[in-house]
Amino acid sequence: MRQARRGQATRRFRGRYRHKARPYDPSRLGLRVSEAERRHYFIGRDMTEYDRTADSLRQAVKMEAIGQLTGGVAHDFNNILHGQ
């Protein structure tokens, strides 16, 4: 917080927000300091959808890699069968 007060750094970190209807929501929190008002502001953003999208992207990349691998194996196997 001292660095943020001096304008040297703004802190951002991941955390979990306790919601009354759900167990926990992943969130990203940031700290902002207002010199004029001499106040600290914490800004939170729900990261549920972001995490879901990132997981889907990772899964798609894995599936693409598996597809390329199996395609290469099938091609090599076909070459062996045809004697090339």
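- Members clustered with Met63: none, using a 4.5 Å side-chain heavy-atom cutoff among hydrophobic residues.
- With sequence neighbours excluded, no residue forms a side-chain hydrogen bond (donor to acceptor under 3.5 Å, both in side chains) with Arg45.
- Taking CG from Leu69 and CD from Glu64, the interatomic distance works out to 12.5 Å, rounded to the nearest 0.5 Å.
- Taking the side chain as every heavy atom from C-beta outward, Gln59 and Asp55 never approach each other to under 4.5 Å.
- Within the model, atoms CZ of Arg58 and OG1 of Thr53 stand 10.5 Å from one another, a figure rounded to the nearest 0.5 Å.
- Atom CG of residue Asp51 and atom CG of residue Asp46 lie 9.0 Å apart, to the nearest 0.5 angstrom.
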